[in-house]
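This report concerns only the one structure given below.
The structure displayed is predicted, hence computed values, not measured ones.
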Amino acid sequence: MFKRILVALDGSAASNAGFKSALQLAGDEHAMLAGLHVLDDSSVTLNFEGAYVPAPYVDKLFQSLRQRGREILKQAEAVAKTAGVDMQPVLVESRGQTIAQTILAQARKAKADVIVIGTHGRRGLSRVLMGSDAEAVVRESPVPVLLVRASESAPAKPRAKKAASANEKRTATKRSGAATII
């Protein structure tokens, strides 16, 4: 069904979760995987608004960001190769576009059948303040988008079980007529 899968990679836990799912999907579908790292130039320019920053400093910063992007892609390519999946690494600069716009442009260029993105699953005020590149891709994408939420460090279900267990003990105590309060 899917022949070309584009996965966004930035080295975060959410991105790694998305990559893991994309790798599984590519293996199952015998698909080509395009690993995309977007060098977000707006993050650099926004932080320096209204201040003079020497050009050599900005150049060095961009060089460092490019190198980090290459490392992320190289690691992903090695994992894909080990899994028997062909991966094409793609490093692009956003050049004034949002990350979402850049992902969509690369998806069109790669003729991707599906886009895979890891997401933090932010809600409420943090989502409003930080925005969501994943949400913007979903809204504008002409192809299916698979969002993969990063796993949380502490699962919620065991706490729910503990609360249910405590409620069961209280109920059992009330039924037995014992005066012990747990």
Side-chain angles (χ1 to χ4, degrees), residues 1-47 58-59 61-124 126-152:
M1 183 173 158
F2 299 122
K3 296 298 172 202
R4 295 200 48 89
I5 300 168
L6 180 95
V7 59
L9 303 168
D10 67 8
S12 68
S15 170
N16 292 340
F19 176 64
K20 184 177 177 183
S21 293
L23 197 59
Q24 179 72 42
L25 183 61
D28 291 348
E29 297 286 326
H30 305 289
M32 174 68 172
L33 189 61
L36 173 66
H37 179 81
V38 178
L39 181 65
D40 184 15
D41 55 18
S42 68
S43 66
V44 175
T45 55
L46 289 176
N47 292 326
V58 174
D59 290 343
L61 180 59
F62 273 114
Q63 183 180 13
S64 174
L65 291 172
R66 276 187 210 96
Q67 183 57 37
R68 178 67 181 135
R70 284 187 204 104
E71 290 170 9
I72 290 167
L73 291 170
K74 186 177 180 180
Q75 290 172 358
E77 193 172 18
V79 171
K81 186 175 183 177
T82 301
V85 173
D86 289 329
M87 186 184 119
Q88 175 187 10
V90 181
L91 176 69
V92 296
E93 294 181 20
S94 60
R95 299 193 186 268
Q97 293 186 321
T98 65
I99 291 174
Q101 291 168 331
T102 307
I103 290 171
L104 290 166
Q106 287 302 310
R108 283 189 295 276
K109 186 175 180 179
K111 295 182 172 92
D113 300 311
V114 64
I115 301 170
V116 180
I117 302 174
T119 181
H120 297 283
R122 291 186 181 99
R123 297 172 191 247
S126 66
R127 184 170 145 231
V128 171
L129 294 175
M130 298 183 75
S132 172
D133 293 313
E135 182 180 2
V137 170
V138 169
R139 254 193 332 266
E140 301 294 325
S141 179
V143 297
V145 176
L146 173 62
L147 296 179
V148 180
R149 184 177 290 192
S151 62
E152 297 176 14

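Taking both residues in full, the closest heavy atoms of V143 and A112 are given as CG1-O, 3.4 Å, listed atom of the first, atom of the second, then distance. Contact record, D41 with S94: OD1-OG, 2.7 Å, taken as the closest heavy-atom pair. Residues A22 and L33 share a closest heavy-atom pair of CB-CD1, 3.9 Å. Here the closest non-hydrogen pair linking L147 and A134 is CD2-CB, 3.7 Å. Heavy-atom minimum distance, M87 versus A80: CB-CB, 3.8 Å. Contact detail for A8 and S15: the closest heavy-atom pair is O-OG, 3.4 Å.
Remark: A136 engages A100, R139 in a side chain to side chain contact (heavy atoms under 4.5 Å, CB included) (not counting sequence neighbours). Taking R70 as the reference, nothing meets the salt bridge (Lys or Arg N to Asp or Glu O under 4.0 Å) condition, with sequence neighbours excluded. Residues forming a side chain to side chain donor-acceptor pair (under 3.5 Å) with S21 (at least two apart in sequence, or on another chain): none. The side chain to side chain contact (heavy atoms under 4.5 Å, CB included) test applied to E140 returns L104, not counting sequence neighbours. Under the side chain to side chain contact (heavy atoms under 4.5 Å, CB included) criterion, N16 pairs with no residue at all, not counting sequence neighbours. With sequence neighbours excluded, the residues satisfying side chain to side chain contact (heavy atoms under 4.5 Å, CB included) with A17 are V148.
Side-chain N or O atoms of R4 include none that pairs as donor or acceptor with a backbone N or O of A34 at under 3.5 Å. Between the side chain of H37 and the backbone N or O of L9, at least one donor-acceptor pair lies under 3.5 Å.
Separation of atoms CD1 (I117) and OG (S141) is listed at 8.0 Å; rounding is to 0.5 Å.
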Verdict with reasoning, L25 to L23, per side-chain contact (heavy atoms from CB on, under 4.5 Å) | CA-CA 5 Å; L25 183 61; L23 197 59; over 6 Å; no
Give the intermediate values and the outcome of side-chain contact (heavy atoms from CB on, under 4.5 Å) for residues M32 and K3.
-> CA-CA 6 Å; M32 174 68 172; K3 296 298 172 202; over 6 Å; no
Would I103 and I115 satisfy side-chain contact (heavy atoms from CB on, under 4.5 Å), going step by step from the backbone distance to the final call?
-> CA-CA 9 Å; I103 290 171; I115 301 170; 4.1 Å; yes
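Sequence neighbours left out, not one pair with a member in residues 5-31 passes salt bridge (charged side-chain N to carboxylate O under 4.0 Å, His left out). For residues 100-111, the set of pairs meeting the side-chain hydrogen bond (donor to acceptor under 3.5 Å, both in side chains) definition, not counting sequence neighbours, comprises T98-Q101. Within the structure, salt bridge (charged side-chain N to carboxylate O under 4.0 Å, His left out) contacts touching residues 79-103 (residues at least two apart or in different chains) are R66-E93.
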Determine all donor-acceptor pairs shorter than 3.5 Å in which one atom belongs to a side chain in residues 72-79; sequence neighbours excluded.
none

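No more than 12 heavy atoms of other residues, nucleotides or ligands sit less than 6.0 Å from atom CD of Q63.
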